[in-house]
Each structure stands twice: as structure tokens, then as C-alpha cells.
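I have placed the structure first, in the form of C-alpha cells, so that the comments after it can refer back to it.
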Amino acid sequence: MVSNVFGELTQDKYISDWLKAVEIEVPFFDNRKMAFTFMKNDANFVNESESAIRNFLNLSNENRLSLSGLVYENCFEFLEQIDYDELDKPLWEITDKNDIWNFVTPTNIYIEKRFRRDCDFYIQVACECAWEQEHGLQLVFRQGKKLTRISDQDGHLTLADAFDKPDTEDKLLAEFDR
């Protein structure tokens, strides 16, 4: 199968319904080379998702830094729920919220479609982070344009889906402008 954005796609070696793209530079992460995974092995899915992919690839380092406060907040919500650990001391000493990105490592980018309610395409960025080693961090962008979820990696594209709430009760999702 071929993508207009990535060229030739290959079937994931572990999950037959997933397609992998070659690594490309991602401006959002200072042009770090990353691979994208299509969560469905289907030509229509690939073609219909390309607008969301292009939108995400248009996001810059400045867009990432504009989210520093939300990532910082996610970190400290987690740290305040656990006992103090000396290993977390560098996190507690952060004075510039933009420095939170020094503790985040993006690992995978997934292209998914929400098959209920808005039925939209989402770009999900899975990350490792220093404060939540077990479940990591996920950044989810509706239509690849705007962050609509930041959380641990729980398999849900929206907070509304995770807790079976109306989309209007999901703050970031409800703020999304088409």
C-alpha cells in the first residue's frame, strides 16, 4: 500500500492490521525522525487520514512549547499522588515549564480514527516520561491540528471515551475548533 505522505507502507511484523511508514522528520519534535503507524490496514483509511497527518507535520517546535504548561501540569498531578522519591528531584526543581520536555521522549506516532461520536482522525504520540515510567505519556491531536488529550497511555483517544462521558464534558476535546 502507498501513502501520498510517506510512500510505500509495510505491514507491521506483529499486528497484521497495522501499517508502518518510514521514519520522517517531525517538526513538532525538533525534526526528530520518527515512524508513523496506521492503525488500520486499509487504503481508504490511509487516504482519508492524510489531511490529519499533514496538519500534524505542520506543527512546529513553537507549537510544542505552547503545550509545556499542560505537560508540566500532567507531571505534577502525578508526582503529588505518590510518595517523594529522590529520583524525582530534578522534576521538582524545574523552574521553566519548557524544561519539562527534557524529561519526555517520543517513541511512536499512531494514526487512528475514533469510530464513535465525531468519527474523526487523531494523531496519537506515545512518549516515555521520567515521572510515569510504567504508563508513559500520550499526546493526542484531533485532525492532527490541536491537542485534545494529554494523559498516560491508556488506549483511549479522548477523556470522554476513557470515562464514557459526553464530549462536552471533555475540556480539551470540547475546545476543539473545526
Side-chain angles (χ1 to χ4, degrees), residues 3 5-7 9-15 17-40 45-46 49-79 87-88 90-91 93-94 96-114 120-159 161-162 170 172-173 175-176:
S3 160
V5 176
F6 302 106
L9 303 173
T10 58
Q11 185 174 323
D12 184 272
K13 61 183 176 181
Y14 301 109
I15 301 175
D17 200 37
W18 291 6
L19 294 171
K20 301 289 267 184
V22 295
E23 288 188 349
I24 63 169
E25 291 182 351
V26 178
F28 188 81
F29 290 110
D30 293 321
N31 292 323
R32 177 190 187 114
K33 283 193 157 200
M34 296 186 69
F36 286 65
T37 301
F38 291 83
M39 303 293 285
K40 189 165 182 163
F45 181 92
V46 170
S49 68
E50 290 189 342
S51 176
I53 296 164
R54 290 182 198 282
N55 289 336
F56 181 73
L57 290 173
N58 283 327
L59 296 178
S60 66
N61 180 53
E62 290 78 27
N63 296 113
R64 178 174 54 86
L65 293 176
S66 74
L67 303 176
S68 297
L70 291 171
V71 177
Y72 181 87
E73 184 180 304
N74 177 275
C75 171
F76 281 89
E77 283 176 4
F78 179 82
L79 290 177
L87 294 173
D88 294 328
L91 293 166
E93 294 176 343
I94 292 174
D96 180 347
K97 290 182 181 181
N98 289 330
D99 290 342
I100 194 67
W101 293 105
N102 296 328
F103 301 92
V104 175
T105 304
T107 56
N108 297 295
I109 299 176
Y110 300 98
I111 302 128
E112 295 188 59
K113 185 173 185 177
R114 189 173 178 216
D120 225 341
F121 281 93
Y122 288 78
I123 304 296
Q124 177 190 27
V125 183
C127 304
E128 293 177 358
C129 63
W131 60 93
E132 221 313 8
Q133 294 88 8
E134 185 175 347
H135 300 110
L137 176 74
Q138 73 174 354
L139 307 170
V140 182
F141 298 82
R142 184 173 176 187
Q143 296 177 3
K145 293 178 182 178
K146 184 176 177 185
L147 184 76
T148 52
R149 181 145 197 236
I150 180 170
S151 67
D152 61 338
Q153 297 175 39
D154 66 0
H156 296 284
L157 293 175
T158 68
L159 189 66
D161 292 346
D170 182 332
L172 291 176
L173 185 60
E175 291 174 356
F176 180 81

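Sequence positions, counted from 1, serve as the residue numbers for this chain. The figures here come from the full heavy-atom set of this structure, side chains too, leaving out hydrogens, waters and symmetry mates.
Side chain of Q153 to main chain of L137: a donor-acceptor pair is present (N/O by atom type, distance under 3.5 Å, no hydrogens or angles). Within the 3.5 Å criterion, the main-chain N or O of E175 finds a donor-acceptor partner in the side chain of K146. Formation of a donor-acceptor pair under 3.5 Å by the Q133 side chain with backbone atoms of H135 is not found in this model. Using modelled atom types, no side-chain atom of T105 and backbone atom of E128 make a donor-acceptor pair closer than 3.5 Å.
Closest of all the heavy-atom pairs between S68 and I100 is O-CG2, 3.8 Å. Here the closest non-hydrogen pair linking Q138 and V140 is CD-CG2, 3.9 Å. Among all heavy-atom pairs drawn from C75 and L91, the shortest one is SG-CD2, 4.1 Å. Heavy atoms only, all atoms of each residue included: Y14 and D12 are closest at N-OD1, 2.7 Å. In this structure, A162 and R149 approach most closely via the heavy-atom pair CB-NH2, 3.9 Å. A pairwise comparison of heavy atoms in G144 and I123 identifies CA-CG1, 3.8 Å as the closest pair.
With rounding to the nearest 0.5 angstrom, the CD1 atom of I94 is 6.5 Å from the CG atom of D99. Going from atom OG of S151 over to atom CG of L159 covers 7.5 Å, rounded to the nearest 0.5 Å. Between atom CE of residue M34 and atom CD of residue E23 there is a gap of 8.5 Å, rounded to the nearest 0.5 Å. The CD atom of Q11 lies 7.0 Å from the CG atom of L19; values are rounded to the nearest 0.5 Å. To the nearest 0.5 Å, atoms CG (L139) and CZ (F29) are separated by 5.5 Å. Distance check, rounded to the nearest 0.5 Å: CZ of R142 to CG of L147 gives 13.0 Å.
Shown here are the ring pair (Phe, Tyr, Trp, His ring centres under 6.0 Å) partners of F56, two or more places apart in sequence or in another chain: F28, F141. Remark: N55 engages S51, Q143, K145 in a side chain to side chain contact (heavy atoms under 4.5 Å, CB included) (not counting sequence neighbours). Not counting sequence neighbours, the partners of F45 by the ring pair (Phe, Tyr, Trp, His ring centres under 6.0 Å) test are F121. Applying the side chain to side chain contact (heavy atoms under 4.5 Å, CB included) criterion to E73, with sequence neighbours excluded, gives E77. Shown here are the side chain to side chain contact (heavy atoms under 4.5 Å, CB included) partners of K13, two or more places apart in sequence or in another chain: there are none. Residues that satisfy the side chain to side chain donor-acceptor pair (under 3.5 Å) test with E50, not counting sequence neighbours, are S3, N4. Residues forming a side chain to side chain donor-acceptor pair (under 3.5 Å) with D170 (at least two apart in sequence, or on another chain): none. Listed by chain and number, the residues in a side chain to side chain donor-acceptor pair (under 3.5 Å) with D17 amount to none (sequence neighbours excluded). Qualifying side chain to side chain contact (heavy atoms under 4.5 Å, CB included) partners for D161, counting only residues two or more places apart in sequence or in other chains: R114, R116, R117, H156, T158. Residues that satisfy the ring pair (Phe, Tyr, Trp, His ring centres under 6.0 Å) test with W101, not counting sequence neighbours, are absent from this structure. Qualifying ring pair (Phe, Tyr, Trp, His ring centres under 6.0 Å) partners for Y72, counting only residues two or more places apart in sequence or in other chains: F76. Under the rule for a side chain to side chain donor-acceptor pair (under 3.5 Å), the partners of K20 that lie at least two apart in sequence or sit in another chain are T37.
A 4.5 Å side-chain heavy-atom check between V26 and F36 finds at least one atom pair inside the cut-off. Side-chain contact check for I24 versus L57: some heavy-atom pair is nearer than 4.5 Å.
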Tell me, with the steps shown, if N63 and S60 meet side-chain hydrogen bond (donor to acceptor under 3.5 Å, both in side chains). CA-CA 5 Å; N63 296 113; S60 66; 3.1 Å; yes
